[in-house]
Amino acid sequence: MKAMKRLRGLRALVEDIVEHGSKSVEEVHKATAARTFDVLEAIPPIATPAKVVHVVHDASVTSVYTMIRVVNKVVGKTLEVAIDVAEAVKDETPKS
Amino acid sequence: MGKKLELAIAVLNGAVGDHLARTGNGLATEMTLVRGGEGLALERDALAAALPSATSRVVVLVHGLMCTEDVWTHEGGADFGTLLARDLGFSPLYVRYNSGLPIMENGAALAKLLSRLVSVYPAPIEEIVLIGFSMGGLVIRSACHAARQERSHDWLPLVGRAIYVGTPHRGAPLERVGRFVAKILRAVDDPYTRLVAQLADLRSCGVKDLGDARVTLDDPRHPVPLLPEIDHFLVAGSLATDVRLAWVFGDAMVPIPSATDGTCVDAATFALPPDHVKIIKGASHMDLPRDPAVYAHVRAWCGKTEEGA
């Protein structure tokens, strides 16, 4: 019982780490790219296309990290169900 | 494997235990009394069965940050609790808790736990001795403070002695350095340094409280005074042979002025008798809870009444 509780805790902790970690790395990713885009957007002849590319870049980065978080949630829920099943099987197994 | 797993969970609790508790994570450790590695149910019959030879003198040992009660265990398997049981007839009990929680939360929980213990203990209690290692000493101070504030805890008058082993009464400089570095990293306008600062800020409330020895909400820069009705005994470790280095670095984690609550620095505020404060030479922080020289002092302090010293 205690082992299962801890297993659930470990699953939740890994999910939290991926969730918060991906958000932090996403911010760093965008902030780093923004430095280059800021320079390009300051040059009049290429400012407009640079802004378009910046928006597209940020959107694609967001979608990639969002996908990571979605997969993380799905894997987390799947593991939760697997732990539930394992616990139910363990409870039903007669002790010899 | 069992002890290693418990230690790994204790380290995790010390690092991010406040997050684990806040999110209801199953890895968060709840405060319990432990004996022989197993949690004790605080019910009268269950406790009587678990402690068949319970005596009227109880010693409660509280571990430090990222530890379990195993931190007290010597190489031979004995510890301060079992040695006090053998030498002076104490009944040892060990507290296991989530050291990542704010110290005042653990203090309040310990106050409640001791209150419950006193009400279900299978023998009449004459005396409780509290021994805290490192953060555990601050948890004890916080528990005593909480018990006095609430005035509803019947265990406090039973506490005759409190022994603090390597406890940073005046804060831990390492945490203050970490806090300063994190503040500088946050101030730098760079996404990577901010990310490192975010990682540094993940450290638990318990770790952050250690910086200023924050045991209550009242005044983060000044801990509660040691209760005058209790005899307090302090042990500090000192690694360096040079006096000045020993003063600054102490046991490598806690400087001597912090571990002795300043009693060795300012004669004007010398609140404790000199024989209540001991400095153990050559002992590092993690050596203190299992050092024979420390136990010799603990035994002498705990045996004072009966030996009439």
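Quick note on labels: first sequence line is chain A, next is B, and so on, each numbered from 1.
Shown here for B:Asp189 and A:Arg35, the closest heavy-atom pair between the two residues is O-NH2, 3.3 Å. Nearest heavy atoms, A:Thr32 versus B:Pro191: OG1-CG, 3.9 Å.
Contact annotation for A:Arg6: both backbone and side-chain heavy atoms come within less than 4.5 Å of a heavy atom of chain B.
Among the candidates A:Lys5, A:Glu27, A:Lys30, the residue making the largest number of heavy-atom pairs closer than 4.5 Å to chain B is A:Lys5. Looking only at heavy-atom pairs under 4.5 Å with chain B, the residue among A:Gly21, A:Ser24, A:Ala31, A:Ala34 that has the most is A:Ser24. Counting heavy-atom pairs closer than 4.5 Å to chain A, the top-ranked of the candidates B:Leu27, B:Ile9, B:Leu202 is B:Leu27.
Between A:Glu15 atom CD and B:Asn25 atom CG the span is 11.0 Å, to the nearest 0.5 Å. Put simply, CG on A:Asp16 and NE2 on B:His19 are 4.0 Å apart, with the number rounded to the nearest 0.5 Å.
Side-chain contact between A:Leu13 and B:Thr23 is absent, with no heavy-atom pair separated by less than 4.5 Å. Between B:Arg194 and A:Val28, the closest side-chain pair of non-hydrogen atoms is not below 4.5 Å.
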